[in-house]
Every structure is written in structure tokens, then in C-alpha cells.
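Everything on this sheet refers to the single structure shown next.
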Amino acid sequence: MIKPDAVLDGHSGSILKMIEQAGFRIVAMKLTKLSPERAGQFYEVHKEKPFYDGLKEIMSKSQIVALVLEKENAVADFRKLIGSTNPANAEEGTIRKLYARSLESNAIHGSDSDENALLESRFFFSRTEEY
Ligand code: GDP
């Protein structure tokens, strides 16, 4: 998912280009907007964290680009492409290093397992099983 501030900052096209050039195939994509409640559901795993309310606000402030991507070893390779959660620690040339504003506004989300990738795909797309 390309996060709201990255879309607002006009980085969607550059980020999509990096994703495709890294060998990912886009199998589903949409521009949409999360309500604070839906953003809260997406990040439910963090509901006890002190940054949860701020995260809901940042994730619902504007539109996001939801993507389903396909590649061998996709989860690990995508995490490598996007870089560390905190852009201050992200490797040079990664999406977060290039386009994040801050830790809480870090440009992009990537699933952390195949299982979560499927759950998160279904969160945005109703027919993921057909792709
Ligand atoms: P990710 O898988 O790399 O996105 O990281 P996490 O799942 O741990 O965290 C989800 C999102 O919450 C991150 O992408 C950040 O935007 C935000 N976040 C994580 N840790 C912190 C933190 O310590 N402080 C704040 N303000 N935001 C955080």
C-alpha cells in the first residue's frame, strides 16, 4: 500500500516504477481512501501501541494506492525494496529512504508474511483468489 502522504507528495508513479523494475507484477491496484475505522482495522495488531491513534489519522488523511503484487520470494524481496520501518535507518535507494517523510509517515506498507499478504489483499479486493 502506498500511504497517503506519499500519494499527496506525488510519489505514486515513481514508487510504482520502482516496484515494477524490481520484478514485481501488479495483479490488482486501486486508488481508495480509508476511514479512520478501516485504518484502525488494518493496523489492529498495533491497537495497544501509543502511536495507534496517530497511525489511524495518518492512514486516513487522504487516498492510498492498494496493490496486490506477485513475484518469487515476494514478501522478503518487497521488504528489502521498501527498507526499514524507520526511514532514518533505511538503506540508500530504498523506497522509504527516498520517499518517506518520517517514521509514522513512511511512504509504503508491505506485508510481513504470505499469510498476511492474503489477508491484506482480501481487505482491499474481494476477488483476490482469482488473480
Ligand atoms: P512495517 O511493517 O515496517 O510497516 O512496521 P510495523 O508493522 O511495525 O508498523 C506499522 C506502521 O506503524 C509503520 O509503518 C509506521 O508507520 C508506524 N510505526 C511503527 N512503529 C512506530 C513507532 O514507534 N512510532 C510511530 N509514531 N509510528 C510507528
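Counting starts at 1 for both ligands and their atoms, in listed order.
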Check: Phe51 ring centre within less than 6.0 Å of Tyr43 ring centre: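 When the ring centroids of Phe51 and Tyr43 are compared, they turn out to be at least 6.0 Å apart.
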
Between His11 and Tyr99, ring centroids under 6.0 Å: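 Yes.
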
Mutual orientation of the aromatic rings belonging to Phe124 and Phe42 [parallel < 30°, tilted 30-60°, perpendicular > 60°]: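 Rings of Phe124 and Phe42: tilted, 30 to 60°.
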
Shell of residues surrounding ligand 1, defined by a 4.0 angstrom heavy-atom cut-off that is strict: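 If the criterion is a heavy atom under 4.0 Å, then ligand 1 touches Lys3, Tyr43, His46, Phe51, Leu55, Arg79, Thr85, Arg96, Leu103, Glu104, Asn106.
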
Val7 with Met18, same ILVMFWY side-chain cluster at under 4.5 Å: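 Yes; Met18 is reachable from Val7 via cluster members.
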
For Lys61, side-chain hydrogen bond (donor to acceptor under 3.5 Å, both in side chains) partners two or more places apart: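 For Lys61, the residues satisfying side-chain hydrogen bond (donor to acceptor under 3.5 Å, both in side chains) (neighbours in sequence not counted) are Asp5.
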
Salt-bridge criterion met for Lys71 and Asp77 (N-O under 4.0 Å):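 Between Asp77 and Lys71 there is a salt bridge, with a charged N closer than 4.0 Å to a carboxylate O.
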
